[in-house]
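Scroll down for the structure; my scribbles are underneath it.
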Amino acid sequence: TVNINGTISWASTSGSNIIQTSSTGTVNFTPAITISKTTQSIKATLAGGKIVFLNDFTDQQNKLSAVASSNVYFGGSYTVNTTAAVWTSTANAYFTGSGKNVISTTAITFGNVYTSANASVASSGAGIITVAGNFNLESGATYTQNNDLYVKLNWVNNGGTLVGNGNHVYLTASNSTVRTIGGTSSTSFPNLHIGKPAGTWAVKYTMNANVSCSSLTLESNSGNTSYLTQSGTTSLTVTNDVTINQLTVTKVHSWYINAGSAIVGGNLIFSGTNNTVGRTTQVVVTTGSFTLNGSTTFMANTASSTEIISVTTGTLTFNGSLSLPQGSGVLRVTNTGTINFNGAAPSLSLNATVAGGTNATFTTTAGCYLNFANGLTNANTALTIKNGSYTTFTGNSTVTPTAAITFGHLIINSGATLALAGDITVTNNWLNNGGTFSPSTATVTFTPAANITQTITKSGGETFYILTANISTATLQ
């Protein structure tokens, strides 16, 4: 160990002036240090070596050199100006001071970064800060952003705090390897990006801890299949919008909520213009839940197969009205999942005419549950809600079948209203639990499967305008 407690006088502008560690040795600098000339260098030359700045350090010439697995400790502030600083990608930078700064007048590319336990550091400056390795927040640490941050590998929060100040964090997962957002604690990001604009590789992240963020963008990386996956029952809360960009290759770009939960306070935006089959963006829920409080915007293309929202046995909740016009996308429930349509009337609008657009697709299965607060409309192509499914009207609903609508089980909740603006078909039971049915002049056709008893149930009886029963070997009662 070498301790430098006094001032450093560098030699002339010619030759080399080097202070370095050998092997796993340590050099401690007590005074503030500035490297201002290309002839001045501070080096950790072997893995395990330590450079320790107990005061401020300024590098104007990219002359702080740390090899793979060597360690540099900043007890004061770290300033880079004049010449961009580029570290070895697996060198380690530790920020140990309190109330200190990383000032990037020009760009800084670190290896791994650790904001040490109980330390606090704030970034600022016009230069981009990139972490080529992992970004680590240790217990009690605080990292305050005053500029954007790019992280190429893993995000690890073990009890620290990120103060984003409305800036952006880009997780770019270099080399197409699956990376993680994890640690022992949740992270509150500002505007979170998975990938970066014009990225040239696949970006894949698995979220192993709970996350919140102001906005979420899955960028249009061009390399290959890309995704954000929520592991286990992790939760993701987005205050504003989520944007999923179409990739620039014919691959799938996915947000896998899976068994986790996600709440979006703003809008869901599918962004792209390409009609190629297979160049798909999707939100996938298996047993978990997805809640969208805003609206859904589909791509500026005419294909409907390029945007998918799906659920298996979990729950989708749309608190804003959901409109799937021609050329929009696919909504599907593939098992016994639930979809809640809670938006203003109509809560769901299907296949409104868009010139040149292919029909949107709404796919259901037996045993699934659809709940409508304020009705639905359907146009241009028949909608069949699967035999054995359960459609419940929970509020003041009007069904407008500009194109035919067929229901499985149809249920009107107590206190709810169902009004018909056209004819409908029911393949299973009709159950009115104390709501109001207004048939207008519409026909309700009951078409049970063979050898099935189909029921109409309401205390005191139900009133139809025209009831048609297509029952050859079935029973309607």
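No hydrogens, no waters, no symmetry mates; every other heavy atom, side chains included, goes into these values.
For the residue pair T377 and S349, a side-chain donor N or O sits within less than 3.5 Å of a side-chain acceptor on the partner. A donor-acceptor contact closer than 3.5 angstrom is absent between the side chains of Q246 and N274. Judged purely by distance below 3.5 Å, without hydrogens or angles, the side chains of S36 and Q60 never pair a donor atom with an acceptor atom. For the residue pair T287/T313, the side-chain donor-acceptor check at 3.5 Å is not satisfied. N147 and S123 share a side-chain donor-acceptor pair at under 3.5 Å.
For E219 (side chain) and N221 (main-chain N/O), no donor-acceptor pair under 3.5 Å exists by modelled atom type. The closest donor-acceptor contact from the side chain of S185 to the backbone of G159 lies under 3.5 Å. Within the 3.5 Å criterion, the main-chain N or O of G327 finds no donor-acceptor partner in the side chain of T302. N157 places no side-chain N or O within 3.5 Å of a backbone atom of G183 that could act as its donor or acceptor partner. Under a 3.5 Å cut-off, the side chain of D59 and the backbone N or O of Q61 do form a donor-acceptor pair.
For F290 and W255, the gap between ring centers is short of 6.0 Å. Taking the ring centroids of F95 and Y73, they lie at or beyond the 6.0 Å cut-off.
No more than 12 heavy atoms of other residues, nucleotides or ligands sit less than 6.0 Å from atom NZ of K50.
Residues I51 and F57 fail the side-chain proximity criterion, which asks for heavy atoms closer than 4.5 Å.
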